[in-house]
Amino acid sequence: MSTPSAVIVPPAAPPTRRRPVGIRMLIPLAVGATILLLPAPEGLSPGAWRYFALFVAVIAGIIAEPIPAAAVGLVGLVVAGAFRMVRESPADSTSWAVSGFANATVWLVFTAYMLSLGYSQTGLGRRIALHLIKVLGQSPLGLGYAVTFADLALAPVTPSVTARSGATLYPVVRQIPELYDSRPNDPSARRIGAYLLYTAFAGSTVTSSMFMTAMAPNLLAVTLAAKIANVSISWTDWFIGFAPLGILLIAVLPAALYKLFPPRIKAAPEAPGWARAQLREMGPISRAEATLLGLISVALALWIGGGRFIDPTMVAMAVVALMVVLRVVTWAQVTGHAEAWNVLVWFAAVVALAGGLAETGLVTWMAESIAPALAGLGRYLTIVTLIGAFFFVHYLFASITAHTATLYAVFLAVGVQTGAATPKAWAMLLAFALGIMSILTSYASGQNPIYYGCGYIARRDFWVLGFVLGVTFFAAYMAIIVPWLAWLGI
């Protein structure tokens with residue numbers, strides 16, 4: 001058997017021809033101008049319509065990305081604030097524009113990114129994955145469960161699924177197939193590589209829905225729920241609310257894919273030995289890893305049971321401060337973590353811009369316009385129709401964040417308007433769907449292009465499996481979570 005290279009860097013998305021920057025710059029401008037030239041619909045003020053044109057242009061800019069997405073959001077925020085499109089006085093307009101930077105959930109996203117920095121800097125995430133492979137990896141099915149459990153272990157404190165699955169787990173998992181002469185872009189890919197890498201990807205979509213802190217858009221949805229429906233969703237609310245489906249999917253997904261997308265070999269004795277060798281190379285657990293493990297355990301305990309005494313954001317900020325004090329990471333590494341600071345600016349801008357939809361009356365107007373179309377469907381069919389539309393429209397989006405910022409507030413307002421469920425139930429039903437909907441396409445979320453471009457999973461397989469699992473996830477979601485939330489009294 002061949003031995004894989006020591007380090008394999010995750011590939012970028014499959015090579016594509018990106019439009020020139022000038023054309024990508026024209027896309028959001030053209031979208032915004034087109035809406036602006038149309039007359040304001042009846043019942044909506046011209047000012048609100050102008051803000052809607054700006055908001056849609058910003059979302060188009062985030063998708064086309066002529067400049068980084070965070071910068072697009074900041075430009076939109078500056079334009080709306082400078083022209084007083086949401087609030088009338090200069091002081092109030094400025095207060096609105098910077099409101100996202102004072103939002104506790106935005107800072108929770110930022111500090112959770114810092115916790116994931118600790119995983120990568122200390123090597124704790126890699127160590128956890130290798131230990132699971134050593135224990136469970138005697139067969140392809142065992143390896144499928146090992147990579148899924150590894151993602152599950154990292155998910156509560158890693159709000160970037162791209163960092164968690166794409167940057168931490170993928171480099172470990174990607175080395176295993178070549179132990180069995182399973183090569184990318186080759187018929188041998190189906191020996192074990194295709195099954196193992198698709199299982200790692202599919203598992204990441206489930207773990208992204210299991211925890212409020214497993215994916216940044218989850219936290220954006222929580223913030224919007226508070227703004228739009230005055231609903232508060234705690235870390236524990238989220239976990240308990242999704243637990244029946246999440247635990248079921250984690251338990252059955254590797255086995256289901258083993259039948260649906262089977263590897264051609266049925267034993268994998270080399271993987272545990274490889275994992276042991278990698279662990280020997282890493283050496284015993286370091287002081288920094290042990291300290292980080294202790295801090296993360298405390299953070300999870302307080303998120304689960306300490307809500308009455310300390311806010312989750314303050315817990316995360318305290319842990320980050322202790323990481324620096326106890327030298328798990330350096331302050332230079334904190335200030336140099338560009339992705340975290342980028343996300344801070346991006347989410348602060350998106351939170352403020354999405355909140356502007358409510359302040360200008362757009363969300364109420366949309367809800368009052370759409371809700372009558374659902375009248376007469378009955379409670380359960382109304383829920384299925386609305387959540388189904390929110391779920392499957394993700395085929396049109398290349399970003400969970402853009403999807404959340406664009407549609408979450410509107411669908412939430414429409415749901416509340418129908419009265420088919422409580423505001424909190426609507427908020428949770430829409431938010432829980434964000435992670436699992438990323439199973440649908442090769443571009444649905446940040447980790448998808450990494451697995452799609454790995455060379456092991458054929459294009460047709462990725463799309464067919466995405467559709468089959470998407471429909472299955474949605475059906476199970478409606479069958480389990482809707483009655484579960486009702487039973488909880490939500």
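Quick caveat, the model's predicted, so the values are computed rather than measured.
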Legend entry - Heavy-atom pair with the smallest gap, counting every atom of W463 and S442: CZ2-OG, 3.9 Å
Inset, instruction - Looking only at non-hydrogen atoms, find the nearest pair between S438 and S445 and report the distance. - result: CB-CB, 3.6 Å
Inset, instruction - Without swapping roles, check the side chain of W346 against the backbone of G73 for a donor-acceptor pair under 3.5 Å. - result: no
Legend entry - Donor-acceptor pair, side chain of R126 and main chain of Y119, under 3.5 angstrom: no
Inset, instruction - Test L386 against W426 for side chain to side chain contact (heavy atoms under 4.5 Å, CB included), laying out the working first. - result: CA-CA 10 Å; L386 204 58; W426 276 116; 3.6 Å; yes
Legend entry - Shortest non-hydrogen contact between I383 and A420, atoms and distance: CD1-O, 4.0 Å
Inset, instruction - Verify, without hydrogens or angle tests, whether Q175 (side chain) and P171 (backbone) share a donor-acceptor contact under 3.5 angstrom. - result: yes
Legend entry - Minimal non-hydrogen separation, Y145 against A255, with atom names: OH-CB, 3.5 Å
Legend entry - Residue pairs passing the side-chain hydrogen bond (donor to acceptor under 3.5 Å, both in side chains) test where at least one lies in residues 401-422, sequence neighbours excluded: H394-H403
Legend entry - Counterpart residues, salt bridge (charged side-chain N to carboxylate O under 4.0 Å, His left out), relative to K424 (two or more places apart): D237
Legend entry - Option from F397, Y395, F411 for which ring-ring contact (aromatic ring centres under 6.0 Å, His included) with F390 holds: F411
Legend entry - Student check: side-chain heavy atoms of Y456 and S182 closer than 4.5 Å: yes
Legend entry - N/O donor-acceptor pair under 3.5 Å between D186 side chain and A189 backbone: no
Legend entry - Pairwise distance CG(L152) to OG1(T207) - rounded to 0.5 angstrom: 7.0 Å
Legend entry - Nearest non-hydrogen partners of A486 and R379, listed with the distance: CB-NH2, 4.3 Å
Legend entry - Close side-chain approach of L440 and F392, heavy atoms under 4.5 Å: yes
Legend entry - Chi angles and distances behind the side chain to side chain contact (heavy atoms under 4.5 Å, CB included) call for F473, L253: CA-CA 10 Å; F473 285 2; L253 186 60; 4.3 Å; yes
Legend entry - Side-chain (S120) to main-chain (L117) donor-acceptor, under 3.5 angstrom: yes
Legend entry - D151 side chain to S204 side chain, donor-acceptor N/O pair below 3.5 angstrom: no
Inset, instruction - Would you indicate whether the side-chain heavy atoms of F101 and V351 approach each other to under 4.5 Å? - result: no
Legend entry - N/O donor-acceptor pair under 3.5 Å between W484 side chain and I240 backbone: yes
Legend entry - By side-chain hydrogen bond (donor to acceptor under 3.5 Å, both in side chains) - contacts of R459 (at least two apart): Y452
Legend entry - Distance, nearest 0.5 Å, that separates CE of M215 from CG of L434: 5.0 Å
Legend entry - Side-chain donor-acceptor contact under 3.5 Å, Y451 with S165: yes
Legend entry - Side chain proximity check, T105 to T313, heavy atoms < 4.5 angstrom: no
Inset, instruction - Might you point out which heavy atoms bring A358 and I228 nearest each other, and give the distance in Å? - result: CB-CD1, 3.4 Å
Inset, instruction - Please assess Y170 against L197 for the test side chain to side chain contact (heavy atoms under 4.5 Å, CB included), listing each intermediate value before the final yes or no. - result: CA-CA 8 Å; Y170 176 86; L197 285 154; 3.7 Å; yes
Inset, instruction - Decide yes or no for F261 and T199: does some side-chain heavy atom of the first lie under 4.5 Å from some side-chain heavy atom of the second? - result: no
Legend entry - Selection residues 248-260 - residue pairs positive for salt bridge (charged side-chain N to carboxylate O under 4.0 Å, His left out), sequence neighbours left out: none
Inset, instruction - Could you tell me whether the side chain of R191 and the main chain of Y180 form a donor-acceptor pair under 3.5 Å? - result: yes
Inset, instruction - Decide yes or no for E339 and S160: does some side-chain heavy atom of the first lie under 4.5 Å from some side-chain heavy atom of the second? - result: yes
Inset, instruction - Output the distance between atom CZ (R50) and atom CG (L36), rounded to the nearest 0.5 Å. - result: 7.5 Å
Inset, instruction - Say whether, by atom type as modelled, one donor and one acceptor occur between the side chain of Y51 and the main chain of A80 under 3.5 angstrom. - result: no
Inset, instruction - Supply the atom-to-atom distance F474 CZ to I439 CD1, rounded to the nearest 0.5 angstrom. - result: 15.5 Å
Inset, instruction - Check the angle between the aromatic planes of F462 and Y198 and answer parallel, tilted or perpendicular using the 30° and 60° thresholds. - result: perpendicular
Inset, instruction - Kindly indicate, with the supporting measurements, whether the criterion side chain to side chain contact (heavy atoms under 4.5 Å, CB included) is fulfilled by Q447 and F201. - result: CA-CA 8 Å; Q447 82 277 28; F201 159 68; 4.0 Å; yes
Legend entry - Side-chain heavy-atom pair F239, I304 within 4.5 angstrom cut-off: no
Legend entry - Residues in side-chain hydrogen bond (donor to acceptor under 3.5 Å, both in side chains) contact with T213, at least two apart in sequence or another chain: W235
Inset, instruction - Could you list the residues that satisfy side-chain contact (heavy atoms from CB on, under 4.5 Å) with M366, not counting sequence neighbours? - result: F52, L362, V410
Legend entry - From CE (M437) to CD1 (I400), nearest 0.5 Å: 6.0 Å
Legend entry - Side-chain H-bond candidate by donor/acceptor type, R264 with S188, under 3.5 Å: no
Legend entry - Inter-residue atom distance L412.CG - L224.CG, 0.5 Å rounding: 8.5 Å
Legend entry - Minimum side-chain heavy-atom gap F432-W238 below 4.5 Å: yes
Legend entry - Crowding at CG, N230 (>12 non-hydrogen neighbours, <6.0 Å): no
Legend entry - S209 (side chain) donor-acceptor with I436 (main chain) under 3.5 angstrom: yes
